[in-house]
Amino acid sequence: MRQSPLLLLACMLAAARAAGAADGAQPQSYSPDYFTQFQAATAMDMVSRLPGFVFDGGNASRGVAGNVLMNGKRPTSKTDSLGDVLGRIPAAAIERIDVINGGAGGIDMQGYPTVANVLIKEMDLVSASATASSSIMPDGGMQPSLTGNYSLKRQDKNINLTLGWTRSPDTSQGQGHRTTVYASATPAAETAIEGSGINENKTVKLNYGQDVLDGQLTWNGAYNPWTYQSQARFDSDTRSLNSNDNAGRTMEQGLAYTRDLAPGASIDLRALYRSADVAAESTSASGGNTSHSLANTTASEHILAGQLTWQALEGVVIRGGFERAVNTNDNSNTYQANAGAAASPLGSAWVQEERVEGQLSSAWQVDSALSAEAGLKIEHSSLSIGADQPQARAYVYPKPRLRLALSPTPALQLRLRMEREVSQLNFGEAAAYFGGADKSLRAGYADLVPAKTWLCEGALEYRFWERGAAVLSYTQSHISDVIDRMPIRAANATYDAAGNIGDASADSVTGMLNLPTDGWSLPQGLLKLSTTWRSSSVTDPTTQETRRLSGENPLAWRIEFSQDLPRQRTAWGFSVDNGWSNDSWQVAERDTSSGSGWARAFVNYRPASNMMVTLELNNLAGRVISYDRTHYAGDRLAGGVDFVEHNVTRTQPFAMLRVRRDW
């Protein structure tokens, strides 16, 4: 790993540390009175208005925590998004919100440079809300949704019930065309494309908590059946029709127990069980022939975790803990060539990953200007593939980390993070590599293992005026055992499989600017600008040439503006981004996916203090999605271009009307 950025960041921290400060790293607190000007009704409304704070909901299904805590804890549920949890907490229940930078106060930052801690009052409270909404398409089509929530908090007991039914259009579908140009004398083919899709979800969620044995015990359960149906028509010399009819359900139960053991010490225990079933049915009809395929997937996850926190000295917090997770995925596929033929199995795959992780870390509030956190996680991971692979492949990965945060002045903070991260294997890739390919073909190749990343990140944050903030960060990564498509060569054929293709380097620069517009005759307005530039380098396993990482978006930017008008009981705003563009490489194919910018505008109106009417206009410019496919005869090293396919789809603008009523 290159050393010059590390030395530069170290020098920056040392220089700033010498400047000294009296304040800086202390949490910034915001009382409910601060949010009155924004007509905030929920904790989510309040978090979204925090100065210089960018909400990140994380990815609960992958075990990635968000950057908002509630009374210093994160939700147990994996089916409940962080935004939904915050949206159910009424503003009247909030005592204050602390914005914590760099680990001040001994908070476990979970890898984030900044987190918000929502402190909920110890009070009896009964609240309920109902939200009715509908998407409105240009042709007049409507997809209604209805969600209700009830919360009760009495003394040490609390209960929350959520019921929901939602329908939404697949906004990636639309009208377009496909052009295929062949290298041979075959004339180019033109195909008109028209597609549509509908998602439908039903949700039942129940959370219950009460004091037990001098601690807090909470239980959560969720049941979520869903369906997705889509149709696509392809018109060329002949007409083809494709339809998908997918259905599934997710169930979850979680249990958490927290307790103070002694002054300065506490324990946090968690257990979670989650299961999911999916049946994906696809039918294709063309030229009088009909084919049919069916894929069934069953997945489950078991998690047991515990953490002990001890404040050993003033400003010194030590944490130790463990987590055991078992993930199982069972998939089977069948295919029927035509209506009169028997269904043929295409194969099945059973994959199980068992992961045990222990951790020990310490956070120090050195003084009011400097905080630090150092820790070590050791992960033991084993992977089992199918009944014919009884020997599980086991690996041990140490994951050290170091974080420093320095505030030479109350307005300025410098942050440094050095950490080793280990990715999670994709079950489909692992099953295809270990279970699908002939063992003799893989004899000369190493087993598929997770990618490992050493990263160094430095950030400079400056706060100005009351709500203004500017952040500039630079991240340098060295990745080993990158997972991508790779060739497995036999005497008479070359196979395309997922595998470890070697090492890569990646760099990114991110800038963010929050600019209050009060001085521009736009009181209570906030302009947000953000951009990220990415660059990477890896050796292509097929051509041995240097290229970017698959799926990398080189440049992303976003512009947002919002303004609160309390006298008019209204808020309005808009946002626009530049879409995406990325490439991916297979052994005999290069694909380029891109989408034009997405523009959105909204108006919120409060006809009463307990009612909100929202109108959203989405995809105002009509996003254009293109997919270019260059296919080679043989592979990209030895074969020439076989054909080039260009797909273009224009998606439709749509509106969303939503009414929320609180009690």
Side-chain angles (χ1 to χ4, degrees), residues 40-47 57-58 60-61 66 68-71 73-95 118-134 144-168 199-212 215-227 248-258 270-277 303 609-612 614 658-663:
T42 68
M44 188 65 220
D45 294 337
M46 300 166 80
V47 166
S61 65
V68 178
L69 301 85
M70 282 148 282
N71 290 336
K73 306 295 181 182
R74 289 176 170 84
T76 307
S77 172
K78 281 199 169 189
T79 57
D80 229 0
S81 73
L82 182 57
D84 288 344
V85 174
L86 294 170
R88 295 197 296 261
I89 303 175
I94 307 304
E95 180 177 338
V118 179
L119 298 174
I120 302 173
K121 297 177 181 177
E122 293 292 335
M123 59 179 290
D124 291 348
L125 181 69
V126 178
S127 66
S129 67
T131 303
S133 63
S134 179
S145 300
L146 182 64
T147 303
N149 177 258
Y150 173 78
S151 294
L152 171 66
K153 185 176 181 181
R154 290 283 171 83
Q155 299 178 0
D156 67 320
K157 298 179 178 64
N158 61 81
I159 187 170
N160 183 275
L161 174 65
T162 300
L163 302 174
W165 172 70
T166 62
R167 285 175 60 89
S168 59
N199 296 282
E200 180 173 333
N201 285 270
K202 298 172 184 175
T203 303
V204 179
K205 297 178 181 178
L206 179 64
N207 297 271
Y208 177 79
Q210 72 171 71
D211 290 348
V212 174
Q216 177 73 21
L217 180 70
T218 59
W219 174 87
N220 70 275
Y223 177 65
N224 172 219
W226 60 269
T227 62
R249 64 176 184 175
T250 301
M251 294 185 291
E252 178 181 289
Q253 292 190 76
L255 197 64
Y257 179 70
T258 59
R270 295 175 182 267
L272 178 73
Y273 172 73
R274 184 169 179 257
S275 65
D277 299 295
I303 294 177
S609 60
N610 61 348
M611 181 176 289
M612 173 76 81
T614 300
R658 182 167 55 248
V659 179
R660 171 170 172 148
R661 174 74 155 81
D662 297 302
W663 290 271

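Since we're looking at a predicted model, the values are computed, not measured.
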Just so I know, are the side chains of Ile159 and Leu206 near enough to count as touching, which here means a heavy-atom distance under 4.5 Å?
yes
Is there side-chain contact between Val126 and Trp663, with at least one heavy-atom pair below 4.5 Å?
no
Could you tell me which non-hydrogen atom of Met44 sits nearest to which non-hydrogen atom of Gly83, and how far apart they are?
SD-CA, 4.0 Å
Considering all heavy atoms of both residues, which atom of Arg274 and which atom of Glu252 are nearest to each other, and what is their separation?
CD-OE1, 3.6 Å
If you define the side chain from C-beta out and look only at heavy atoms, does anything of Tyr208 sit under 4.5 Å from Leu217?
no
So Asn220 and Lys205, side-chain contact (heavy atoms from CB on, under 4.5 Å) or not? Walk me through it.
CA-CA 7 Å; Asn220 70 275; Lys205 297 178 181 178; over 6 Å; no
Please round to the nearest 0.5 Å and tell me the distance separating atom NZ of Lys153 and atom CD of Glu122.
4.5 Å
For Gly66 and Leu82 the tightest heavy-atom approach is CA-CD2, 3.8 Å
Is there side-chain contact between Pro90 and Asp662, with at least one heavy-atom pair below 4.5 Å?
no
Nearest 0.5 Å, what's the CG-CD1 distance between Leu272 and Ile303?
5.0 Å
One should read off an interatomic distance between Tyr150 OH and Asn160 CG, to the nearest 0.5 angstrom, of 10.0 Å
Gln216 and Thr218: CA distance, side-chain angles, deciding distance, side-chain contact (heavy atoms from CB on, under 4.5 Å) verdict
CA-CA 7 Å; Gln216 177 73 21; Thr218 59; 3.8 Å; yes
Looking only at heavy atoms, which two atoms of Val212 and Tyr257 are closest? And how far apart?
O-OH, 3.1 Å
Check: Thr42 and Met612 side chains under 4.5 Å, non-hydrogen atoms
no
Where the side chain of Asn149 meets the backbone of Leu161, is there a donor-acceptor pair that is under 3.5 Å apart?
yes
Applying salt bridge (Lys or Arg N to Asp or Glu O under 4.0 Å), name anything that partners Glu200, two or more places apart in sequence or on another chain.
Arg167
Looking only at non-hydrogen atoms, find the nearest pair between Ile94 and Val118 and report the distance.
CD1-CG1, 3.5 Å
Rounded to the nearest 0.5 Å, how far does CZ of Arg661 lie from OG1 of Thr131?
12.0 Å
For Ile89 against Met70, the heavy-atom pair lying closest together:
CD1-SD, 3.8 Å
List for me each residue that meets salt bridge (Lys or Arg N to Asp or Glu O under 4.0 Å) alongside Arg249, sequence neighbours excluded, and say none if there are none.
Asp277
Among residues at least two apart in sequence or on other chains, which ones pass side-chain contact (heavy atoms from CB on, under 4.5 Å) with Ala91?
Met46
Verify the neighbour count for atom NZ of Lys202: are there more than 12 heavy atoms of other residues, nucleotides or ligands below 6.0 Å?
no
side-chain contact (heavy atoms from CB on, under 4.5 Å) for Asn71 and Leu119? Distances and angles first, verdict last.
CA-CA 5 Å; Asn71 290 336; Leu119 298 174; 3.8 Å; yes
Spacing of OG1 belonging to Thr258 relative to CZ belonging to Arg270, to within rounding of 0.5 Å
8.0 Å
